[in-house]
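Below: one structure, written as structure tokens.
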Amino acid sequence: MQKSQFRKYGLLFQIGVWLIFFMVLWMEEWDYAPAGIAALYSFGAIFISAAMVYIHYFLILPLFNQRQYFKYFPLTIILISAASIASYYWDLPFLYDPDWEYPFLGNFIYYNCLHALVLAVTSMYYFVEAWFQNIEIESSLRNEKLQAELNFLKSQINPHFLFNTLNNIYAYAQGGNEKTAPMLAHLSSILRFMVYDCSEDRVELAKEVKAVEDLLEIQKMKNSEQRNIRLKVEGVKRFHLIAPLIIVNFVENACKHSDVVSNPEGFIDIKISVDQNDHCKLVIANSVKQSLKKDKYSGLGLDNIRKRLDLQYGDKHIFTEEKSASIYRLNLNIPLERKQ
């Protein structure tokens, strides 16, 4: 329960408690006085107790929470004493027998004990509310930290993907290759997806798949004779939602590290399927370059994707990978959401 909800229901609870106390005291006094007089006395008695409780709650009790005990205890004693004196003198006009002795000291001690008990009980409410507030603050901080981490990882992933793709197109543009324009068209489609869709926490899986298709088309254009780049898609619907740039960047990583362009036997096999329980399964297998010189940014994108999977899906996703000298394979299974 959030603090706002706690306060909402807590207010109703307080009104109910004071009303019950009023009714009990009124019914008790009604045995000795007319209903109107009994109601007036009960209202005054409840008002004194309520004033004491809320002065203590809002003005004095926070001092205890701040560990200012040297202020809290004297002020609490003064407040209890003042409420006890007020209760005693409120009783005097309503004494039913004018000859009945009503000693100040005895009643003062009685009201001190009663009011101390009331403050002890109502103080529990303060600490329960503070506990809920701390939970809400911690939850908010965790969410803010999570969002900050996700935004940071996205800010690293997008340039990483963009630089790799632009480097590939640049090589063709230098030679005036006719494939440059189609490559740029596919890149434009990918960038449109990244700029306009990937700012949200979830995107349509179908749009993510379209970005994968554009990426693979760019890869195919690097070698028109290469036929070993394959994509198979099953069960993807428009209502399926996924965290953005998860699949795209896994595919981009396969394109970067595969020897499919230079090796006639090289390959990239990708399968994206969604089962009846809305679980997306991604399988990527690709041949690996034998002499790959890593730069300082190598692997940055893949590491970021894994971190995002942990942050956004936690233990709900399954990720495995197999590496050998010539083949890399990964399997990813994540639950999808449905568009409302």
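Bear in mind that the values here come from a model prediction, so they are computed numbers and not experimental data.
Smallest separation of non-hydrogen atoms from Gly266 and Asp259: CA-OD1, 3.6 Å. Between Pro264 and Asn228, the shortest heavy-atom distance links the atoms O-ND2, 3.2 Å. The minimum heavy-atom distance linking Asp201 with Pro244 is given by the pair O-CD, 3.2 Å. Nearest heavy atom pair, residue Cys280 against residue Ile247, reads SG-CD1, 4.2 Å. Nearest heavy-atom pair across Cys198 and Met194 is CB-O, 3.2 Å. The minimum heavy-atom distance between Ile268 and Ala254, with the atom names listed, is CD1-O, 4.1 Å.
Once rounded to the nearest 0.5 Å, the distance linking CD1 of Ile190 with CD of Glu252 reads 9.5 Å. With rounding to the nearest 0.5 angstrom, the CG atom of Leu92 is 10.5 Å from the CZ atom of Phe94. Taking CG from Leu114 and OG from Ser49, the interatomic distance works out to 6.5 Å, rounded to the nearest 0.5 Å. Atom CE of residue Met221 and atom CE of residue Met183 lie 6.5 Å apart, to the nearest 0.5 angstrom. A distance of 9.0 Å separates CG in Asn249 from CG in Leu215, rounded to the nearest 0.5 Å. In this structure, CZ in Arg230 is found 13.5 Å from NZ in Lys271, a value given to the nearest 0.5 Å.
Here the side chains of Ile85 and Phe108 are in contact, with some heavy-atom distance below 4.5 Å. Residues Leu216 and Asp214 are not in side-chain contact: their nearest non-hydrogen atoms beyond the backbone lie 4.5 Å or more apart. Here the side chains of Asn286 and Val288 are in contact, with some heavy-atom distance below 4.5 Å. Contact of the Val261 side chain with the Gln219 side chain is registered, since non-hydrogen atoms from C-beta on lie closer than 4.5 Å. Glu322 places none of its side-chain heavy atoms less than 4.5 Å from the side chain of Leu330. The closest side-chain heavy-atom distance from Leu105 to Ile109 is below 4.5 Å. Under the 4.5 Å side-chain criterion, counting only non-hydrogen atoms from C-beta, Leu205 is not in contact with Leu241. Residues Leu282 and Ile270 form a side-chain contact, since some pair of their non-hydrogen atoms from C-beta on lies under 4.5 Å apart.
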| said: Checking Phe193 against Val203 for the side chain to side chain contact (heavy atoms under 4.5 Å, CB included) test, could you report, in this order, the C-alpha distance in whole Å, the side-chain angles of both residues, the deciding distance, and whether it holds? | reply: CA-CA 9 Å; Phe193 166 70; Val203 298; 4.1 Å; yes
- Check step by step if side chain to side chain contact (heavy atoms under 4.5 Å, CB included) holds for Arg202 and Gln312. CA-CA 10 Å; Arg202 295 292 185 267; Gln312 294 185 291; 3.5 Å; yes
Residues Phe64, Tyr69; criterion ring-ring contact (aromatic ring centres under 6.0 Å, His included); working and verdict: CA-CA 6 Å; Phe64 183 90; Tyr69 305 125; 5.2 Å; yes
Practice item. Apply side chain to side chain contact (heavy atoms under 4.5 Å, CB included) to the pair Thr122 and Leu119, showing each step before the final yes or no. Key: CA-CA 5 Å; Thr122 55; Leu119 290 188; 4.3 Å; yes
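Under 4.0 Å is where a charged nitrogen must lie from a carboxylate oxygen, and between Lys210 and Glu208 no such pair does.
Here the side chain of Glu204 pairs no donor or acceptor atom with the backbone of Phe239 at under 3.5 angstrom. Of the possible polar contacts, one joining the Asp275 side chain to the His279 backbone as a donor-acceptor pair under 3.5 Å is found. Judged by distance alone, with hydrogens and angles left aside, the side-chain atoms of Tyr313 form a donor-acceptor pair with the main-chain N or O of Ala243 at under 3.5 Å. The backbone N or O of Arg238 sits nowhere less than 3.5 Å from a side-chain atom of Lys207 that would complete a donor-acceptor pair. Of the possible polar contacts, one joining the Ser84 side chain to the Asn112 backbone as a donor-acceptor pair under 3.5 Å is found.
The neighbour count for Trp90 CH2, taken as heavy atoms of other residues, nucleotides or ligands under 6.0 Å away, is above 12. The number of heavy-atom neighbours closer than 6.0 Å to CD of Glu265, taken from other residues, nucleotides and ligands shown, is 12 or below. With a 6.0 Å radius and a threshold of 12 heavy atoms from other residues, nucleotides or ligands, Phe22 has its CZ atom above the threshold. A 6.0 Å sphere centred on NZ of Lys281 holds no more than 12 heavy atoms belonging to other residues, nucleotides or ligands.
Looking only at atom types and distance, the side chain of Tyr110 has no donor-acceptor partner in the side chain of His115 under 3.5 Å away. Side-chain polar atoms of Asp278 and His240 form a donor-acceptor pair below 3.5 angstrom.
Note: the hydrophobic cluster containing Ile318 does not contain Ile242 (ILVMFWY, side chain heavy atoms under 4.5 Å, direct or indirect links). Note on Tyr328 and Val283: separate hydrophobic clusters, where clusters join Ile, Leu, Val, Met, Phe, Trp and Tyr whose side-chain heavy atoms are under 4.5 Å apart, directly or indirectly. Residue Tyr89 is grouped with residue Tyr111 when hydrophobic side chains (ILVMFWY) are merged at heavy-atom distances under 4.5 angstrom, including chains of intermediate members. Using a 4.5 Å cut-off between side-chain heavy atoms of Ile, Leu, Val, Met, Phe, Trp and Tyr, with links allowed through other members, Leu332 and Val236 fall into the same hydrophobic cluster. Under a hydrophobic-cluster definition in which Ile, Leu, Val, Met, Phe, Trp and Tyr are linked whenever side-chain heavy atoms come within less than 4.5 Å, directly or via other members, Met52 and Ile78 are assigned to different clusters.
Below 30°, between 30° and 60°, or above 60°: for Tyr88 and Phe104 the angle between ring planes is above 60°, a perpendicular geometry.
With a 6.0 Å cutoff to the six-membered ring centre and a 45° limit on the axis angle, Arg329 does not count as a cation-pi contact of Phe267.
Contacts of Glu321 classified as salt bridge (Lys or Arg N to Asp or Glu O under 4.0 Å), with partners at least two apart in sequence or in another chain: Arg306. Residues meeting the side chain to side chain contact (heavy atoms under 4.5 Å, CB included) test with Gln68, sequence neighbours left out: Leu63, Gln66, Phe70, Lys71.
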Check residues 30-48 and write down every donor-acceptor pair under 3.5 Å in which the side-chain atom is one partner and the other belongs to a residue at least two apart or another chain.
| unit_1 | atom_1 | unit_2 | atom_2 | d |
| --- | --- | --- | --- | --- |
| Tyr41 | OH | Asp91 | OD1 | 2.7 |
| Ser42 | OG | Trp26 | N | 3.2 |
| Ser42 | OG | Ala38 | O | 2.8 |

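Exactly one residue among Phe73, Tyr126, Tyr72 makes a ring-ring contact (aromatic ring centres under 6.0 Å, His included) with His56. That residue is Tyr72.
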